[in-house]
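Reckoned from all heavy atoms, side chains included, excluding hydrogens, waters and symmetry mates. Only a predicted model underlies this, so the values are computations on that prediction, with no experimental measurement involved.
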Amino acid sequence: MASSHIILPPDDDDEEQRRLEEEEDEDPWARSGPPPAAPEHAVKAALPFSATCVRISRDSYPNLRALRNASSVSLADAAYVKISEGDFGYVLDDVPHLVDHLPDAPTYPNPLQDHPAYSTVKQYFVNEDDTVPQKVVVQKNSRRGVHFRRAGPHQKVYFESDEVKACIVTCGGLCPGLNTVIRELVCGLAHMYNVSKIYGIQNGYKGFYSSNYLTLTPKSVDDIHKRGGTVLGTSRGGHDTKKIVDNIQDRGINQVYIIGGDGTQKGAYEIFKEIRKRGLKVSVAGIPKTIDNDIAIIDKSFGFDTAVEEAQRAIDSAHVEACSAENGIGLVKLMGRYSGFIAMYATLASRDVDCCLIPESPFYMDGEGGLLQYVERRLKENKHMVIVVAEGAGQDLIAKSLSTSEQQDASGNKLLLDIGLWLTHKIKDHFKSKKIEMTIKYIDPTYMIRAIPSNASDNVYCTLLAHSAIHGAMAGYSFTVGNVNGRHAYIPFYRVTSTRNKVKITDRMWARLLSSTNQPSFLSQKDIDEAKENDRTANKPPLPTGLSHHVANSFDQSASSSSNSQI
């Protein structure tokens, strides 16, 4: 299959940039002809697989400012974007490789080929051309769309076992499965690739330069998967790219495994860029972690199944409390800063919930069709009620009533006001004003949910993620690993950090929830129109500059069906 490989250069010439910006009113594609072909030796240097390579010069950017405004990928970032185009609208959104900046890096036979555990596995190594589609539901005339590189072991690796010095760091909030991922990274490196130098970075990113490294062995991590939290400790913030890479360079680390959410993956991307800028032989592997399941592209994040399962226990308790009192209400607040997946799935699984409120779906309290009217009607019908609310829901309502200013934590996340406590007082005041007796029990299991060990399905998922990360790092790639349509894939950092996965309230899954709870949607026509527009653009990636019209169309079509499928 013929394909083209686009390598986008950084813009270092300020004078040239100003000249391009003066042409702001021109059509961005009007003067962009076919890019000049790169010399043959450049193709070999830039690609770890077979493809036709073209290098896009700055002459291909006739409208720099317009393109930059249309995309959050700057020209500096575009240097790390690798897009390959094939037949029938096929596009590979590839991940960086060591040979992109170290073209003479030697390769070695993969030690797995002599491993007794894998001797009976048929075609254990992945093919260099294996890719995973972002969109799997297609029509007969659809373009093939955007693909990602398939995860798995390669026949050739770029590190010898005795030269590997790997480090593992966990950042951000807690999540079920963190210790399982740490365990499987250590055991996978040791047992599959005979790596003996593995270190733990303590207390998040700042541990790179403020703490001693912790030596990790299969024996020392043998039973940590049975515990919640992270044995390495974690923290928010503390990211100083230059200090971190200085430490990596000084200690001779050549594989960095970073476990954390979208903010942590942004940090991993900055670390990778600084490593490449210095020309270091280091692979950076990100393993996305978020209990909210709001990482873009991937099917789900590890720990999510455990969180939903534990959330049901809180809902069951709320239901018992509500049923045991006259006009009883059980109110449960679950995690979900920007995305209400835990609340939605726990509600669907429970079937005891009468109302579910999430950040993606606006609601209002007073007046015809408001939440308070619905609560009153539900109590008249059933004599009890269970409400589930995600922590990020209704923040605009609280802010208006309390006149508070927005604050952020060390990771840059908005500090949320307690929607559960606010709703409790609002509901109490409403029924008191109407002289109706009621009892409301507010349950906040947030920290109980995120601090427990992962369940069986999440343990298996954590193992597969860890092993896929190891295989990719040994093969010389830098990436975020995740499940895309049931297949593990290597995803470029910029794709998982440029947007956030959210519940689509115009999707059938949200309709199923409304049908289950019999709650009103609380949406005006304006809200519905805005939701449709947000869904249309939510998963559209920040397109790198200089892409052909066909490639851009493939990205648009793949974005129309999120990989985080809400069936």
Side-chain angles (χ1 to χ4, degrees), residues 172-173 175 261-263 290-296 300-301 303-304 307-308 311 314-315 331-348 353-365 370-371 374 387-402 404-409 411-424 426 442 444-446 449-450 498-507 509-514 516-517 519-524 526-539 562 564 566:
C175 177
D262 58 343
T290 166
I291 201 169
D292 295 347
N293 198 40
D294 60 359
I295 295 287
K300 66 177 179 180
S301 51
F304 177 71
V308 171
I315 294 173
L331 175 60
V332 181
K333 184 182 78 171
L334 298 176
M335 299 191 78
R337 179 180 296 274
Y338 303 107
S339 304
F341 285 101
I342 294 179
M344 180 175 72
Y345 277 84
T347 295
L348 282 168
V353 179
D354 299 286
C355 185
C356 178
L357 306 172
I358 61 173
E360 296 89 338
S361 183
F363 66 94
Y364 57 98
M365 299 295 295
L371 178 62
Y374 172 64
I387 302 172
V388 169
V389 58
E391 60 181 339
Q395 292 297 308
D396 56 332
L397 299 179
I398 312 177
K400 287 178 183 177
S401 66
L402 300 180
T404 57
S405 58
E406 186 174 305
Q407 295 179 326
Q408 295 182 331
D409 63 17
S411 296
N413 297 314
K414 181 174 68 173
L415 288 176
L416 301 177
L417 301 168
D418 193 334
I419 180 64
L421 194 60
W422 185 81
L423 280 176
T424 299
K426 281 288 184 181
Y442 173 38
D444 181 0
T446 298
I449 289 175
R450 73 179 202 166
S498 59
T499 186
R500 184 177 279 114
N501 184 38
K502 292 188 177 185
V503 173
K504 293 182 178 180
I505 60 173
T506 57
D507 187 85
M509 186 61 83
W510 184 244
R512 291 187 184 105
L513 181 139
L514 296 179
S516 170
T517 62
Q519 71 186 71
S521 70
F522 303 114
L523 297 176
S524 65
K526 179 182 177 183
D527 293 328
I528 294 172
D529 292 341
E530 288 179 355
K532 288 180 178 179
E533 178 62 20
N534 290 337
D535 289 346
R536 189 182 69 81
T537 60
N539 293 291
S562 172
N564 297 79
Q566 300 166 34

Could you check Leu423 against Leu371 for side chain to side chain contact (heavy atoms under 4.5 Å, CB included), going step by step and ending with a plain yes or no? CA-CA 10 Å; Leu423 280 176; Leu371 178 62; 3.9 Å; yes
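- In this structure, the side chain of Thr347 engages the main chain of Ala343 through a donor-acceptor pair within 3.5 Å.
- Side-chain contact between Gln519 and Cys356: present, with at least one pair of heavy atoms (C-beta onward) separated by less than 4.5 Å.
- Between the side chain of Asp292 and the main chain of Arg337, a donor-acceptor pair closer than 3.5 Å is present.
- When all heavy atoms are compared, the tightest approach of Tyr374 to Pro520 is CD1-CD, 3.5 Å.
- Separation of atoms CG (Leu348) and CG (Leu513) is listed at 5.0 Å; rounding is to 0.5 Å.
- Annotation: the span from Phe341 atom CZ to Ile358 atom CD1 amounts to 8.5 Å, rounded to 0.5 Å.
- Between Phe304 and Tyr345, the shortest heavy-atom distance links the atoms CZ-CD1, 3.8 Å.
- Nearest heavy atom pair, residue Trp510 against residue Lys504, reads CB-O, 3.7 Å.
- What you find for Ala390 and Gly340 is that their closest heavy atoms are CB-CA, 4.4 Å.
- Minimum heavy-atom separation, Ala346 to Ala311: CB-CB, 3.9 Å.
- Remark: the backbone N or O of Lys333 is not paired with any side-chain donor or acceptor of Glu391 at under 3.5 angstrom.
- Annotation: the span from Ser498 atom OG to Asp262 atom CG amounts to 10.0 Å, rounded to 0.5 Å.
- A distance-only check finds a donor-acceptor pair linking the side chain of Asn293 to the backbone of Ser301 [under 3.5 Å].
- You'll find the side chain of Val503 stays beyond 4.5 Å of the side chain of Met509, heavy atoms only.
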Give the intermediate values and the outcome of side chain to side chain contact (heavy atoms under 4.5 Å, CB included) for residues Asn501 and Ile295. CA-CA 5 Å; Asn501 184 38; Ile295 295 287; over 6 Å; no
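- Considering only residues two or more places apart in sequence or on other chains, Ser361 meets the side-chain hydrogen bond (donor to acceptor under 3.5 Å, both in side chains) condition with none of them.
- Interatomic distance, Ile398 CD1 to Leu416 CG, rounded to the nearest 0.5 Å: 8.5 Å.
- No option in Ile291, Val308, Thr446, Ile342 other than Ile342 meets the side-chain contact (heavy atoms from CB on, under 4.5 Å) test with Leu334.
- Looking at Glu360, its side chain never comes within 3.5 Å of a backbone N or O of Ile505 through a donor-acceptor pair.
- Summarising the geometry, atom CE belonging to Met335 is positioned 9.5 Å from atom CG belonging to Asp444; distances are rounded to the nearest 0.5 Å.
- Legend: residues meeting side-chain hydrogen bond (donor to acceptor under 3.5 Å, both in side chains) with Thr290, ordered by chain and number and at least two apart, are Asp294.
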Verify side chain to side chain contact (heavy atoms under 4.5 Å, CB included) between Trp422 and Met365, making sure each step is shown before the conclusion. CA-CA 12 Å; Trp422 185 81; Met365 299 295 295; 3.9 Å; yes
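- In terms of heavy-atom proximity, Phe522 sits nearest to Cys355 at CE1-SG, 4.2 Å.
- Atom-to-atom distance recorded for Cys175:SG and Ile449:CD1 is 11.5 Å, nearest 0.5 angstrom.
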Tyr442 vs Asp418, test: side chain to side chain donor-acceptor pair (under 3.5 Å). Steps then yes/no. CA-CA 11 Å; Tyr442 173 38; Asp418 193 334; 2.8 Å; yes
